[in-house]
**Student:** 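First the structure, then my questions, so here it is.
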Amino acid sequence: MKDLLIKFLKPYWKQITLTIALLAVQAISNLYLPNLNADIINNGVANGDVDYIMKTGGFMLVVTLLLAACAIVSSYFSSKISMSFGRDLRRAVFYKVESFSQADLDKFGTPSLITRNTNDVHQMQMLAFMGLNLMVMAPIMCLGGIIMALRQDVVLSYSIIIIVPVMAAAVGLVLIKAVPLFRSIQVKIDRVNQIMREKLMGVRVIRAFVKNDYEARRFDEANRDLTTTTLRVNRIIAIVMPLLMIIMNISTIAIIWFGGHRIDSGAMPIGNLTAFLTYVMEIMISVMLAMGMFIMVPRAEASAERLLEVLNTEPSIKDQDKLVVPVDRKGYVEFCNVEFSYPEAEEPVLKDISFTASPGETTAVIGSTGCGKSTLVNLIPRFYDVTGGSIKIDGIDIRDIPLQDLRDMIGLVPQRAFLFSGTIADNLRYGNENATDEELWHALEVAQAKDFVMDLPGKLYAPVEQGGVNFSGGQRQRLAIARALVKRPEIYIFDDSFSALDFKTDAKLRLALKDETANSTVIIVAQRVSTIMDADQIIALNDDGTIAGIGTHAQLMETCQVYRDIVYSQLSGEEVA
C-alpha cells in the first residue's frame with residue numbers, strides 16, 4: 001500500500017506540503033486557545049480586569065479566525081489531492097487493463113476488474129483524504145496536548161499515562177476482530193457484481209427458461225452474504241465509539257475530582273484545570289481520530305493489494321525487445337505448424353495448422369462447433385499467442401511486429417457484433433477517425449446497411465445504445481462489417497459475421513465484398529456452407545483441431561469426408577450438384 005500511495009501522490013508533493021503546513025497551523029491554534037482561556041480566568045476574571053479580558057478575548061477571536069481559514073483552505077487542498085489521486089489511480093488501472101491479453105482478462109474476470117476500478121479505488125481515495133487530515137492533526141494534537149497539559153499541572157498529567165494506553169488497547173482489540181472481515185467484503189462485492197452482470201446480460205435466456213425465481217434466490221444469497229459480513233464488521237466497529245466515550249467520561253470525572261482537590265489545596269489555579277481538561281479532551285480526540293484512521297487502513301490495504309495485483313501484472317502478450325516494422329504491407333498470412341492450448345487445458349485446441357492466405361483471395365474456415373475456428377482467427381491479431389509454431393504476415397513473425405502496427409493491418413468483425421454507445425458515425429469511424437461521410441455511406445452500401453440507416457431519423461448520426469441493443473442482430477452485424485470496411489486494412493477477418501443475415505442479404509453482401517476487398521486478404525469463419533462455397537481456399541477442421549482438408553469446394557467434395565458431411569447436413573443433393 002505504501003508503494004501505491006507514494007507512486008500516485010508524488011506528483012502532488014507541493015500541494016501536500018502546503019496542506020500539511022496549514023493543518024499544523026490549525027493544530028497549533030487549537031492548542032493555543034485553551035491556554036489563552038486559562039489566562040482570562042486566572043488573570044482577568046479573578047482580578048476583575050475587564051481590559052485584560054477584552055484584549056485577550058480579541059486575540060482569541062483572531063486566532064479562531066486564522067484556525068477557520070486554515071481549516072477551509074486545507075480541506076480544499078486535501079479534497080483536490082485525494083480526488084486527483086483517485087483519478088490517476090483509476091486511469092492507471094484502466095490503461096493497464098487495456099494492455100491485457102484475453103488470457104489476462106480471463107484470469108481476473110470482468111466483475112472483479114470493475115470492482116477494483118470503482119470500489120477499491122474509492123477506498124484508497126478516502127484513505128488519502130482522511131490521511132492528509134487525520135495523520136497530520138492527530139500526532140500534533142496528541143503530542144502538543146501532552147506538553148501543554150504538563151505545563152498546566154505535572155501531577156494531574158499522570159492520568160494521561162493511564163487513559164491513552166487504555167483507549168489504544170480497547171481499539172486494538174476491536175481491530176483484531178475486524179481486519180480479516182474487511183478483506184472478505186471486497187471478494188463478496190465481486191460476487192454480487194458478477195451475478196448482477198450475468199443477470200443483465202442473460203435476461204432473455206433467464207426469461208425464456210423461466211428462471212427468474214432461481215436467479216433472484218442466487219442474487220439474494222450473494223447479497224445476504226455481503227450484507228451479513230458488512231453488518232458484522234459495522235457492529236464490531238460500532239463498539240469503538242461508545243467504548244471510547246465511556247473512557248473519556250470516566251477520565252473527565254476523575255480529572256475533575258482530583259483537580260478539585262488540588263485547587264482546594266491551592267496547588268493549582270482553577271483556570272489551569274479548565275485548560276487541562278481541554279487538553280486531555282484534545283489528546284483523547286486525537287487518539288480517537290488516529291484509531292478511526294487505523295480502522296480505515298485494513299480495508300484500504302486490502303483494496304491496495306487488489307489494485308497492485310492488477311498494476312503489477314505484466315501483460316502476457318506484449319511487444320518484443322527487437323521489433324520489425326512492416327514497410328511494404330500486403331497482407332500475406334502464413335500459419336506454420338501452429339499449435340495452441342488454453343491456459344491449464346489438458347489438450348491443445350489447435351494442432352499442426354499450416355496454410356497460407358494471400359491478398360486478393362478469400363480463405364474460409366469451417367468445421368463443427370468447438371473445433372477451434374474462432375480460436376484460429378483470434379491468433380492472428382494476437383488476442384492469444386501461439387503455444388507452438390508461428391504465424392507470419394508478409395514473412396515476418398507476428399510476435400516481432402509491434403502490436404499497434406499488427407492490429408492496424410487487420411479489420412476484425414467478431415463473432416458477437418458489438419457496438420459502442422454514441423452514434424452510427426462514431427462506430428464506423430472507430431478504425432478510421434478521418435473517414436468522410438461519403439466513405440461511411442459507401443461502407444454501409446457494401447455492407448447492405450445503407451437502406452435501414454437512411455430510414456433512421458438521424459441517419460449517420462442516429463443514436464446507438466450501449467452494445468447496440470436498439471438494433472437487431474442482423475443490423476448490428478452489418479454495421480460491424482461496415483466499421484471494418486471503413487478502416488481499409490490489408491487483412492479482413494470475418495468471424496461467423498454472416499450468421500444473422502438471411503440468404504439473400506448474405507449473397508448480396510458477399511458479392512459486394514468481393515469487389516471491395518479485391519486487393520486484401522479475406523479470412524472467413526462460417527457455419528453455413530453457402531457462405532463459403534465460392535471461397536478461393538476452404539480449410540476444413542476436425543473436431544480435435546487438426547486440418548481435415550484444404551482446397552476449393554469442388555476439391556474438398558472429392559477428397560475430404562469431414563467437409564462432405566457438413567455439406568450434406570446443410571444442402572440437398574440437388575443443391576450440392
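Every value quoted in this text rests on a predicted model; they were computed, and no experiment measured them. Residue numbers start at 1 and run along the sequence shown.
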**Student:** Could you tell me the separation between the CE atom of Met533 and the CG atom of Leu556, rounded to the nearest 0.5 Å?
**Tutor:**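 The CG atom of Leu556 is 11.5 Å from CE of Met533, to the nearest 0.5 Å.
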**Student:** Just checking Lys199: does its NZ atom have more than 12 heavy atoms from other residues, nucleotides or ligands closer to it than 6.0 angstrom?
**Tutor:**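 Counting other residues, nucleotides and ligands, NZ of Lys199 exceeds 12 neighbours.
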**Student:** To the closest 0.5 Å, what do you measure between CZ (Phe494) and CD1 (Ile523)?
**Tutor:**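 Atom-to-atom, Phe494:CZ and Ile523:CD1 are 10.5 Å apart.
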**Student:** Rounded to the nearest 0.5 Å, how far apart are CG of Asp400 and CG of Asp319?
**Tutor:**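 Asp400 atom CG to Asp319 atom CG measures 10.5 Å (nearest 0.5 Å).
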**Student:** Hey, are the side chains of His553 and Val567 touching, using non-hydrogen atoms and a 4.5 Å cut-off?
**Tutor:**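 Counting from C-beta outward, His553 and Val567 do come under 4.5 Å.
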**Student:** With a 4.5 Å limit on heavy-atom distance, are the side chains of Val386 and Ile398 in contact?
**Tutor:**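 No - every pair of side-chain heavy atoms lies 4.5 Å or more apart.
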**Student:** Specify whether Tyr342 and Tyr384 have parallel, tilted or perpendicular ring planes, treating 30° as the upper limit for parallel and 60° as the lower limit for perpendicular.
**Tutor:**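 It falls in the perpendicular class, over 60°.
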**Student:** Take atom CE in Met83; do more than 12 heavy atoms of anything else shown fall under 6.0 Å from it?
**Tutor:**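 Correct, the count exceeds 12.
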**Student:** So, Ser78 and Thr19: side-chain donor and acceptor under 3.5 Å apart, yes or no?
**Tutor:**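 No, Thr19 and Ser78 have no side-chain donor paired with an acceptor closer than 3.5 Å.
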**Student:** Does the pair Phe383 and Ile317 meet the rule for a side-chain contact (heavy atoms from CB on, under 4.5 Å), with working shown?
**Tutor:** CA-CA 8 Å; Phe383 293 155; Ile317 294 176; 5.9 Å; no
**Student:** How long is the straight-line distance from CG of Leu412 back to CD1 of Ile380, given to the nearest 0.5 Å?
**Tutor:**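 Result: 9.5 Å between the selected atoms.
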**Student:** Let's go through Leu5 and Leu127 carefully: what are the C-alpha distance in whole Å and the side-chain angles of both, what is the deciding distance for side-chain contact (heavy atoms from CB on, under 4.5 Å) to 0.1 Å, and is it a yes or a no?
**Tutor:** CA-CA 10 Å; Leu5 289 170; Leu127 178 71; 4.2 Å; yes
**Student:** Let me see the working for Val97 and Phe108 under side-chain contact (heavy atoms from CB on, under 4.5 Å), right down to the final yes or no.
**Tutor:** CA-CA 10 Å; Val97 171; Phe108 287 101; over 6 Å; no
**Student:** Keeping the roles fixed (side chain from Gln448, backbone from Val446), state whether a donor-acceptor pair exists under 3.5 Å.
**Tutor:**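 Confirmed, Gln448 side chain pairs with Val446 backbone.
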**Student:** Counting C-beta onward and ignoring hydrogens, is there a side-chain heavy-atom pair between Lys107 and Phe100 closer than 4.5 Å?
**Tutor:**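 No; the side chains remain at least 4.5 Å from each other.
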**Student:** Does atom CG of Asn519 have more than 12 heavy-atom neighbours, drawn from other residues, nucleotides or ligands, at distances under 6.0 Å?
**Tutor:**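 Result for CG/Asn519: open.
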**Student:** Give me the atom names and distance for the closest heavy-atom approach of Ala535 to Ala364.
**Tutor:**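 Here Ala535 and Ala364 meet closest at CB-CB, 3.9 Å.
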**Student:** Take atom CD of Glu305 as the centre, draw a 6.0 Å sphere, and report whether it contains more than 12 heavy atoms from other residues, nucleotides or ligands.
**Tutor:**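 Enclosed.
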**Student:** Closest approach of Pro359 and Gly331, non-hydrogen atoms and distance?
**Tutor:**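 Closest heavy-atom pair between Pro359 and Gly331: CG-C, 4.2 Å.
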**Student:** Side chain of Thr546, backbone of Asn542: donor and acceptor closer than 3.5 Å?
**Tutor:**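 Side chain of Thr546 to backbone of Asn542: no pair is present.
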**Student:** Between Asp565 and Gln561, is any side-chain donor less than 3.5 angstrom from a side-chain acceptor?
**Tutor:**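 Indeed, the side chains of Asp565 and Gln561 share at least one donor-acceptor pair under 3.5 Å.
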**Student:** So, does Thr517 use its side chain to make a donor-acceptor pair with the main chain of Ser520 at under 3.5 Å?
**Tutor:**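 No, Thr517 side chain to Ser520 backbone: no donor-acceptor pair under 3.5 Å.
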**Student:** Give me the atom names and distance for the closest heavy-atom approach of Pro489 to Ile410.
**Tutor:**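 Where Pro489 meets Ile410 most closely, the heavy atoms are CB-C, 3.7 Å.
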**Student:** Do the side chain of Ser79 and the main chain of Phe77 share a donor and acceptor less than 3.5 angstrom apart?
**Tutor:**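 Side chain of Ser79 to backbone of Phe77, a donor-acceptor pair under 3.5 Å: no, none is there.
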**Student:** Has Gln404 got more than 12 heavy atoms of other residues, nucleotides or ligands less than 6.0 Å from its CD?
**Tutor:**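 Open.
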**Student:** In this structure, are over 12 heavy atoms from other groups packed under 6.0 Å from Arg91 atom CZ?
**Tutor:**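 Result for CZ/Arg91: enclosed.
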**Student:** Do the non-hydrogen side-chain atoms of Asp426 and Val464 ever get within less than 4.5 Å of each other?
**Tutor:**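 SC-SC contact between Asp426 and Val464 ruled out.
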**Student:** Do the ring planes of Phe85 and Phe8 sit parallel (below 30°), tilted (30 to 60°) or perpendicular (above 60°)?
**Tutor:**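 Phe85 and Phe8: perpendicular rings.
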**Student:** Determine whether more than 12 heavy atoms belonging to other residues, nucleotides or ligands lie under 6.0 Å from atom CZ of Phe418.
**Tutor:**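 Result for CZ/Phe418: enclosed.
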**Student:** Taking Thr436's backbone N and O only, do any of them form a donor-acceptor pair with Glu439's side chain (distance below 3.5 Å, no angle check)?
**Tutor:**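 Flag set: sc Glu439 to bb Thr436 pair under 3.5 Å.
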**Student:** Does a donor on one side chain sit under 3.5 Å from an acceptor on the other, for Ser101 and Asp104?
**Tutor:**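 Distance-only check passes for Ser101 and Asp104.
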**Student:** Can a donor-acceptor pair be found, under 3.5 Å and without considering hydrogens, that links the side chain of Ser303 to the backbone of Gln123?
**Tutor:**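 Between the backbone of Gln123 and the side chain of Ser303 there is no qualifying donor-acceptor contact (under 3.5 Å).
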**Student:** Crowded around Arg87 CZ? As in, over 12 foreign heavy atoms under 6.0 Å?
**Tutor:**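 Counting other residues, nucleotides and ligands, CZ of Arg87 exceeds 12 neighbours.
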**Student:** Judged by atom type as modelled, is there a donor-acceptor pair below 3.5 Å linking the side chain of Lys373 to the main-chain atoms of Ser368?
**Tutor:**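 Between the backbone of Ser368 and the side chain of Lys373 there is a qualifying donor-acceptor contact (under 3.5 Å).
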**Student:** Specify whether Tyr430 and Phe420 have parallel, tilted or perpendicular ring planes, treating 30° as the upper limit for parallel and 60° as the lower limit for perpendicular.
**Tutor:**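 Answer is parallel, since the angle falls under 30°.
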**Student:** Are Met409 and Asp394 packed together at the side-chain level, in the sense that at least one heavy-atom pair is separated by less than 4.5 angstrom?
**Tutor:**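 SC-SC contact between Met409 and Asp394 confirmed.
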**Student:** For the backbone of Glu558 and the side chain of Arg564, can you confirm whether one donor and one acceptor N or O come within less than 3.5 Å of each other?
**Tutor:**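 At least one qualifying donor-acceptor pair exists.
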**Student:** Taking all non-hydrogen atoms of both residues, which atom of Leu406 and which atom of Ile401 are closest, and how far apart?
**Tutor:**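 Between these two residues, the closest heavy atoms are N-CG2, 3.8 Å.
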**Student:** How close do Asn432 and Val486 get, counting heavy atoms only, and between which atoms?
**Tutor:**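 What the structure gives for the nearest pair is ND2-O, 3.5 Å.
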**Student:** Can you check whether Thr531 reaches Ile366 side chain to side chain, under 4.5 Å on heavy atoms?
**Tutor:**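 A side-chain contact under 4.5 Å is absent here.
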**Student:** Using the rule given for salt bridge (charged side-chain N to carboxylate O under 4.0 Å, His left out), can you reason through Asp496 versus Arg528, listing the C-alpha separation, both sets of side-chain angles and the distance that settles it, and then say yes or no?
**Tutor:** CA-CA 9 Å; Asp496 201 13; Arg528 293 199 306 224; over 6 Å; no
**Student:** Measuring only between side-chain heavy atoms, which start at C-beta, is Val453 closer than 4.5 Å to Trp441?
**Tutor:**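 When only atoms from C-beta onward are counted, Trp441 and Val453 do touch, with a gap below 4.5 Å.
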**Student:** Checking Arg191 against Gln194: is there a side-chain donor and acceptor pair closer than 3.5 Å?
**Tutor:**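 Note: Gln194 and Arg191 side chains meet the donor-acceptor criterion.
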**Student:** Between Arg116 (side chain) and Arg306 (backbone), is there a donor-acceptor pair under 3.5 Å?
**Tutor:**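 Yes, the answer is positive, given that a donor and an acceptor are paired below the 3.5 Å cut-off.
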**Student:** Give me the atom names and distance for the closest heavy-atom approach of Thr505 to Arg478.
**Tutor:**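 Taking Thr505 first and Arg478 second, the nearest heavy atoms are CG2-CD, 4.2 Å.
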**Student:** Do Gln415 and Ser374 have side-chain atoms, one donor and one acceptor, less than 3.5 Å apart?
**Tutor:**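 Note: Gln415 and Ser374 side chains meet the donor-acceptor criterion.
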**Student:** Hey, what do you get for CD (Glu339) to OG1 (Thr387), rounding to the nearest 0.5 Å?
**Tutor:**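 If we round to the nearest 0.5 Å, Glu339:CD and Thr387:OG1 are 5.0 Å apart.
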**Student:** Within the distance-only criterion (no hydrogens, no angle test), does the side chain of Ser390 pair as donor or acceptor with the backbone N or O of Asp397 below 3.5 angstrom?
**Tutor:**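 Judged by distance alone, no pair lies under 3.5 Å.
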**Student:** Distance from Ser316 atom OG to Leu105 atom CG, nearest 0.5 Å?
**Tutor:**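 These two atoms lie 9.0 Å from each other.
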**Student:** Does Leu479 form a side-chain contact (heavy atoms from CB on, under 4.5 Å) with Phe452? I'd like the steps, not just the answer.
**Tutor:** CA-CA 11 Å; Leu479 289 173; Phe452 80 80; 3.9 Å; yes
**Student:** Whether the Gln537 and Thr363 side chains hold a donor-acceptor pair (N or O, under 3.5 Å, no angle test) is what I'd like checked.
**Tutor:**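 Looking only at side-chain atoms, Thr363 and Gln537 do form a donor-acceptor pair, the distance falling under 3.5 Å.
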**Student:** Compute whether any side-chain donor of one residue and acceptor of the other, for Thr115 and Asn119, lie under 3.5 angstrom apart.
**Tutor:**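 No, Asn119 and Thr115 have no side-chain donor paired with an acceptor closer than 3.5 Å.
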**Student:** For Glu516, which of Arg488, Lys487, Arg510 qualifies under salt bridge (charged side-chain N to carboxylate O under 4.0 Å, His left out)?
**Tutor:**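 Option passing the salt bridge (charged side-chain N to carboxylate O under 4.0 Å, His left out) with Glu516: Arg488.
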**Student:** Do Val338 and Leu376 have side chains that approach each other closer than 4.5 Å (heavy atoms only, starting at C-beta)?
**Tutor:**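 Not in contact.
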